[in-house]
Amino acid sequence: MEVRTRFAPSPTGFMHLGGVRTALYNYLFAKKMGGKFILRIEDTDQERYVEGATEVIYDTLRRCGMNWDEGPDVGGDYGPYIQSERKSFYLPYAKQLIASGHAYYCFCTEDELEKRRKAAQEKDEVFKYDKHCLHLSKEEIDRRLAEGQSYVIRMNCPVDGESTYHDLVYGDMTFPNETLDDMILIKADGMPTYNFANVIDDHLMGITHVMRGAEYLSSTPKYNLLYDAFGWQRPEYVHLPTVMRDAKHKLSKRDGDAYYSDFIDKGYLTEALINYLALIGWNPGDDREFFTMDELVDAFDVSRLNKAPGIFDVDKLTWFNAEYIRRMDFDRYLQLVTPWFDRVLGGKGIDYHRLAELMKDRTEIFSRVPDMVAFLAELPDYDLELYTHKKMKSNPEVAKNALALCLPVLEAIPEADWKETSIHDRIMEAISGAGLKNGAVLWPLRIALSGLASTPGGAMEIAYLLGKEETLRRIHIGQEKLSRA
Ligand code: GLU
């Protein structure tokens, strides 16, 4: 039998990282088994409809490399793949359940339900629909329907006994039937609820494995009752533990750590994010950590999914990201880093190619780049203390001499010859001519040029990047500061 999995997001406008991981496991499993990965848009909740939200889903999945075999825009034999376009499919199935006694019309109004909910609350009971309308006579139902009264269709759940199913991650799951409520299948607006539509669609689309968040574990018995009522085969279930920020907290919108786009905006790479997400809740059974999408497909195994909630550790992701950047082609790095350089260095005429060479191994996430290179645009106001460095044998006195030594040497370099090699050769020549230690000159020179204790590149590289005029200007500033000390 061909494996068919599906990712069934609701278009909310954003892709939650938990959702990306759910899509990923569905994709990996389908590909691993030589099966099909299907995308279905679950948009029956019209109140939550967000303009442009389906594009966010398509775009994210495509950027992540999870191409769907069937779905909206690519088509397939089981369409349409957008639930609102399937609206007319559901009511006949609900009527079939009414005929077989597995569902019933309910005319209770919101007000009535609210009263009963409150009464239950006062008695400290969990409110469950009380099957009030299950007992209406056929005549009464027909009369109310003929009058055009508003109704929903509810499922008629058993109240005794228990329901059991097997989950490939959580094992055997058993729930007492008295905990199941007579959920709504068709809403007053004629639309199916998620609870009903997911079953009908999964069946009609031939889904063999339903992989979704663990929050659906306790509703699954109700879905199984629907499969049984129709005489359909139940799918295999693979529930996935929640992705958490820490032991107690979920990833949240407020903390800016919930959505795929949050991380892309911060300058994380999609491939690093996917690699890391795959490992939250799954492990390859050995100590490999780096995977391309194809390698993930190859290594994926449902039996290695964890039951425990996965902790999303941003520091670990950052480490992955830095590794991906270190391993990346230089040209791609240059292309990706350029807009981040532009934020602070745009129009300054700085040699981005050289700067990128100095930055590549130091870049953990792109959003940190502007702060790291901003000193090239503007000399930070630094503390004289920086000139003191024990190991470099530098202090303000030493620094004064060092800058006095370098200034004429640099002044003498013609503008056209302002290259790293000539700067390097002449400074080194001056240092050895004066019989000084390298550090005692290069440390203060770098401080004067950058105002920072740590920089990409050393004094000569920075001098080159700044250009002659700015280099000399910064040395003058350093000399002035030192003379005031
Ligand atoms: N539309 C549901 C959601 O976004 C899908 C759950 C499922 O995979 O069945 O949570």
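Both ligands and their constituent atoms are indexed starting at 1 by order of listing. Everything quoted here is computed from the prediction, not taken from an experiment. Sequential numbering from 1 along the given sequence is applied to the chain's residues.
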Side-chain donor-acceptor pair present, T318, Y268, cut-off under 3.5 Å: yes
Enumerated ligand 1 atoms positioned under 4.0 Å from heavy atoms of Y194: 2 (C), 5 (C), 6 (C), 7 (C), 9 (O)
Test item, E215 contacting ligand 1 (heavy atom, 4.0 angstrom): no
Residue, atom name and distance, where the atom is the protein heavy atom closest to atom 5 (C) of ligand 1: A8 O, 3.0 Å
Within-shell test, Y216 vs ligand 1, heavy atom, strictly < 4.0 Å: yes
Plane angle bin for W319 and F290 - parallel if under 30°, tilted between 30 and 60°, otherwise perpendicular: tilted
N/O separation below 3.5 Å, R6 to ligand 1: yes
Cation-pi geometry met for K32 and F29 (6.0 Å, 45°): no
Aromatic ring pairing Y237/Y165, orientation class (parallel under 30°, perpendicular over 60°, tilted between): perpendicular
Side-chain ion pair, K266 and D262, N-O less than 4.0 Å: no
Geometric N/O contact M211 with ligand 1, under 3.5 angstrom: no
Numbering as shown, the atoms of ligand 1 that approach E42 to under 4.0 Å (heavy-atom distance): 1 (N), 2 (C), 5 (C)
W68 and Y58 aromatic ring geometry - parallel, tilted or perpendicular at 30°/60° bounds: tilted
